[in-house]
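Here the structure comes first, spelled out in structure tokens, and everything after it is commentary.
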Amino acid sequence: MLLAREWDYHAQAAIVRLTRNAAFRYKAYLEQIDYATNWGLERNHMERLATLDFVHKGQNIFFTGSSGTGKSYIAVSYTHLRAHETGRN
């Protein structure tokens, strides 16, 4: 029980450290993306990317589109996801 709490504490501290050091411009999370708006985003595709297989395989991902369409917001949301994944491992 004590070991599990210690593990959780260190995992949470790692997540906080990673997100603070990254100095994100946005507090963006995939759960907050509104798919009802006509952004041209497909929920299934976004959820497949959320597995972060492209990161584990060392692949790059590019977000393209006009200015102000949310490319940075989406990129930061995946980066938050990666920070949480890294903090738990």
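All values reported here derive from a predicted model rather than from experimental measurement. Along the sequence shown, residues carry numbers from 1.
To the nearest 0.5 Å, the span separating NE2 on His10 from CZ on Arg5 amounts to 13.0 Å. With values rounded to the nearest 0.5 angstrom, Thr51 atom OG1 is found 7.0 Å from His56 atom NE2. Taken to the nearest 0.5 Å, the CE atom of Met46 stands 5.5 Å off from the CG atom of Leu30.
Tyr29 and Leu81 are members of different hydrophobic clusters when ILVMFWY side chains are connected at heavy-atom separations under 4.5 Å. Both Val76 and Phe54 belong to a single network of hydrophobic side chains, linked directly or stepwise wherever heavy atoms of I, L, V, M, F, W or Y lie under 4.5 Å apart.
For residues 66-78, every residue pair satisfying the side chain to side chain donor-acceptor pair (under 3.5 Å) rule, not counting sequence neighbours, is listed here: Arg25-Ser72, Gln32-Tyr73.
Counting only heavy atoms from C-beta outward, the side chains of Ile74 and Leu41 approach each other to under 4.5 Å.
Other residues, nucleotides and ligands contribute more than 12 heavy atoms inside 6.0 Å of the CD atom of Gln59. Counting non-hydrogen atoms of neighbouring residues, nucleotides and ligands closer than 6.0 angstrom, the OH atom of Tyr9 reaches no more than 12 such neighbours.
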